[in-house]
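When a residue number appears, it is its place in the shown sequence, counting from 1. Keep in mind that what you see is a predicted model, and the values were worked out from it rather than measured. All ligand and atom numbering here is 1-based and tracks the order in the structure.
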Amino acid sequence: MTQKYIVHTYGCQMNDHDSEILAGMLQEMGYQPTDDEGQADIILLNTCCVRETAENKIWGKMGELTHIKSQNPAVILGICGCMAQQKEVAEKIRQKAPHMDLIFGTHNVHQLPELIERAREMDKTVMEVWETEGTVVENLPARRVDGVKALVTIMYGCNNYCTYCIVPYVRGRERSRQVKDIIQEIEGLVAEGYQEAMLLGQNVNSYGKDLEPKLDFADLLEEVDKIAGLNRIRFTTSHPRDFNDKLIDVIARSEKICDNIHLPVQAGSNRILKAMNRGYTKEYYLDLVDRIKKAIPHVALTTDLIVGFPGESEEDFLDTLDLVEKVQYSAAFTFVYNTRSGTPAAEMADQVPAEVKKERITRLIELQNFINLKKNQAEVGRVLEVLVEGSSKTNQDMLSGKDRANRTVVFPGSSEIKGKLVSVKIHTAKTWNLEGEMI
Ligand code: SAM
Ligand code: SF4
Ligand code: F3S
């Protein structure tokens with residue numbers, strides 16, 4: 001009988017793509033996907049540790065899996081990803097969750113087949129967490145589930161060490177993939193019918209710094225832009241510090257690169273930005289936004305914001321509100337600062353009380369929601385190019401897709417046109433999406 005697998009994914013798009021690779025390797029080993037945990041022969045949790053809430057959810061999931069293990073002792077339970085990459089957490093999992101058969105880190109993904117073999121043979125937990133990254137491993141299979149837009153990792157790791165962030169400790173130093181490998185992968189995806197490539201890295205603007213001969217992200221984008229048959233190029237995440245005029249120019253000139261730039265600012269106060277080690281000021285950021293808006297008139301800027309970083313005063317927070325007001329983001333991901341042990345901010349004095357953080361995030365979300373709706377209302381009457389993703393999650397009779405600015409557009413239609421580019425005239429604006437009719 002065919003062996004079955006499930007991969008549960010937590011965290012960001014980098015993790016989503018790692019899970020596609022885990023699934024690809026499992027399929028090459030002969031496993032087939034299932035949604036039924038009771039039927040699975042292997043269950044992997046690909047984890048995130050960027051905030052405590054993410055980790056708590058995963059501890060809860062591990063607790064639930066004890067039940068599956070007692071019903072089917074032969075099932076292999078594995079945990080990997082960013083949470084498992086932290087040595088002390090991996091050790092805690094081994095002790096507190098002995099039903100987990102396999103623990104491996106972000107640098108050990110390519111070893112999955114041999115790790116499964118070892119887990120099958122051993123009575124005790126197999127643990128493989130390399131402390132440092134190896135070289136980039138190419139040609140791993142990926143099982144992409146989307147079918148319309150493809151995630152393509154262009155670089156791994158992060159060298160920025162923002163003082164609140166755990167990512168550099170669990171993802172290692174920056175390593176760029178070779179241009180030829182990226183191009184080859186995207187050409188293969190286009191041949192499979194993909195319309196859109198999403199280029200991924202924690203800081204895509206650092207792309208190429210470690211390559212010989214040196215080249216940068218703008219150079220890579222120009223190469224990807226030449227791929228025949230590819231209709232849309234997106235990328236995330238951009239660090240404002242490394243966003244230069246050459247890159248703005250390449251985006252402005254390209255017809256394929258979408259008009260959405262995710263440009264996390266994190267905070268609006270210069271004092272807090274410095275304490276966060278972000279490497280720019282509010283004035284620099286606003287000037288960058290101005291240059292982008294001038295060169296790309298229809299640009300939709302999105303961002304990440306943190307409230308309640310240690311030492312953040314009411315005045316600092318007002319600087320964040322002021323910046324949000326000035327930039328007019330089309331969407332923002334807002335987070336309450338969360339202490340991550342091992343990061344410099346965890347040791348900082350003046351941690352902000354929970355109720356103050358809560359009050360600030362409520363005010364920030366209120367402001368951004370107001371801006372969301374206002375910006376969406378400005379789209380009413382316009383005709384937008386939409387890439388159809390499939391049935392709407394909230395209404396199966398409707399289709400849902402993304403316009404070039406990455407806004408969700410909902411409209412009536414049949415799911416046969418999934419994966420097609422269509423024109424939709426917008427008649428209604430909501431806070432989170434646009435509604436219209438195909439023309
Ligand atoms: N590399 C990207 C960047 O520089 O913005 C994304 C990194 S992280 C995966 C996504 C977001 O999580 C960050 O932009 C930040 O807003 C948030 N984040 C990271 N660490 C956090 C922490 N300790 N508490 C709250 N939010 C955090
Ligand atoms: Fe974290 Fe900063 Fe790196 Fe983004 S750039 S992953 S926020 S350290
Ligand atoms: Fe989480 Fe790791 Fe991404 S910590 S946000 S899954 S890089």
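Set against the non-hydrogen atoms of P264, the atoms of ligand 1 under 4.0 Å away are 5 (O). The ligand atoms of ligand 2 that sit less than 4.0 angstrom from a heavy atom of C165 are 1 (Fe), 6 (S), 7 (S), 8 (S). Of all the atoms in ligand 1, the ones that sit under 4.0 Å from a non-hydrogen atom of R278 are 4 (O). The C158 neighbourhood of ligand 2 comprises atoms 3 (Fe), 5 (S), 6 (S), 8 (S), with distances under 4.0 Å to a heavy atom of that residue. Each of the following atoms of ligand 2 lies closer than 4.0 Å to a heavy atom of V167: 6 (S). Here is the list of ligand 1 atoms found below 4.0 Å of a heavy atom in V336: 24 (N), 25 (C). When each atom of ligand 2 is checked for a heavy atom of P168 under 4.0 Å away, the hits are 8 (S).
For atom 6 (C) of ligand 1, the closest non-hydrogen atom on the protein side is Q202 OE1, 3.6 Å. Nearest to atom 20 (N) of ligand 1 among the protein's heavy atoms is Y164 CD1, 3.3 Å. Nearest protein neighbour of atom 2 (Fe) of ligand 3, counting heavy atoms only, is C82 SG, 2.2 Å. Scanning the protein for heavy atoms near atom 11 (C) of ligand 1, the closest one is D304 OD2, 3.4 Å. Atom 22 (C) of ligand 1 has N338 O, 3.6 Å as its closest protein atom, hydrogens excluded (heavy atom only). Scanning all protein heavy atoms for the shortest distance to atom 7 (S) of ligand 2 gives Y164 OH, 3.3 Å. Remark: minimum distance from atom 15 (C) of ligand 1 to any protein heavy atom is reached at Q266 OE1, 3.5 Å. The nearest protein atom to atom 8 (S) of ligand 1, hydrogens excluded, is given as V50 CG2, 4.2 Å; this is a heavy-atom distance. The protein heavy atom nearest to atom 1 (Fe) of ligand 3 is C48 SG, 2.4 Å. Shortest contact from atom 3 (Fe) of ligand 3 to any protein heavy atom: C12 SG, 2.3 Å.
The side chain of F335, and not its backbone, has at least one atom closer than 4.0 Å to an atom of ligand 1 (non-hydrogen atoms only; side chain from C-beta on). Here P264 has no heavy atoms under 4.0 Å from ligand 2, in either its backbone or its side chain. Within the 4.0 Å heavy-atom criterion, the part of Y161 lying near ligand 2 is the backbone and not the side chain. Looking at N203 against ligand 2, nothing comes within 4.0 Å, counting heavy atoms.
In this structure, the side chains of D316 and F309 stay at 4.5 Å or more apart for every pair of heavy atoms.
A donor-acceptor contact shorter than 3.5 Å links the side chain of Y207 to the backbone of R177. Looking only at distances, no side-chain donor or acceptor of K149 sits under 3.5 Å from a matching main-chain atom of E196. A donor-acceptor contact shorter than 3.5 Å is absent between the side chain of S392 and the backbone of V410. Here the side chain of Y156 pairs no donor or acceptor atom with the backbone of R171 at under 3.5 angstrom.
Between D210 and S176, the closest heavy-atom pair is OD1-OG, 2.5 Å. When all heavy atoms of L301 and I292 are compared, the closest pair comes out as CD2-CG2, 4.4 Å.
When the options Q202, E55, Q86 are ranked by their closest heavy atom to atom 7 (S) of ligand 3, first place goes to Q202. Of the listed residues (M276, Q202, E174, R278), the one carrying the non-hydrogen atom nearest atom 6 (S) of ligand 2 is Q202. Residue nearest to atom 27 (C) of ligand 1, selected from R340, H239, R51: R51 (by heavy-atom distance). Atom 2 (Fe) of ligand 2 has its nearest heavy-atom neighbour, among G157, C12, C162, in C162.
Not one N or O of T237 is nearer than 3.5 Å to an N or O of ligand 1, by distance alone. Considering backbone and side-chain atoms alike, N203 places every N or O at 3.5 Å or more from each N or O of ligand 1. Looking at ligand 1, you won't find any N or O of Y337 less than 3.5 Å from one of its N or O atoms.
Put simply, C49 stays out of reach of atom 2 (Fe) of ligand 3, with no N, O or S atom under 2.8 Å from it.
With respect to the salt-bridge test (charged N to carboxylate O, under 4.0 angstrom), the residues E174 and K209 do not qualify. Between D219 and K246 there is a salt bridge, since at least one side-chain N of the basic residue sits less than 4.0 Å from a carboxylate O of the acidic one. Between E131 and K87 there is a salt bridge, with a side-chain nitrogen of the basic residue lying less than 4.0 Å from a carboxylate oxygen of the acidic one.
Ligand 3 is never approached by M83 to a heavy-atom distance shorter than 4.0 Å. Proximity of R171 to ligand 3 is established by a heavy-atom distance of less than 4.0 Å.
A donor-acceptor contact closer than 3.5 angstrom is absent between the side chains of S19 and D16. Side-chain contact check for D242 and N203: at least one donor-acceptor pair (N or O, by modelled atom type) lies under 3.5 Å. D181 and Q178 share no donor-acceptor pair across their side chains, judged by distance under 3.5 Å alone.
For residues 285-297, the side-chain hydrogen bond (donor to acceptor under 3.5 Å, both in side chains) pairs, not counting sequence neighbours, are D245-R291, Y285-Y329, D287-R291.
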Kindly determine whether Y337 and M276 satisfy side chain to side chain contact (heavy atoms under 4.5 Å, CB included), including the steps that lead there. CA-CA 11 Å; Y337 167 73; M276 286 177 161; over 6 Å; no

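To the nearest 0.5 Å, the span separating CZ on R175 from CD1 on I154 amounts to 13.5 Å.
Ring geometry for Y161 versus Y169: interplanar angle over 60°, hence perpendicular rather than tilted (30 to 60°).
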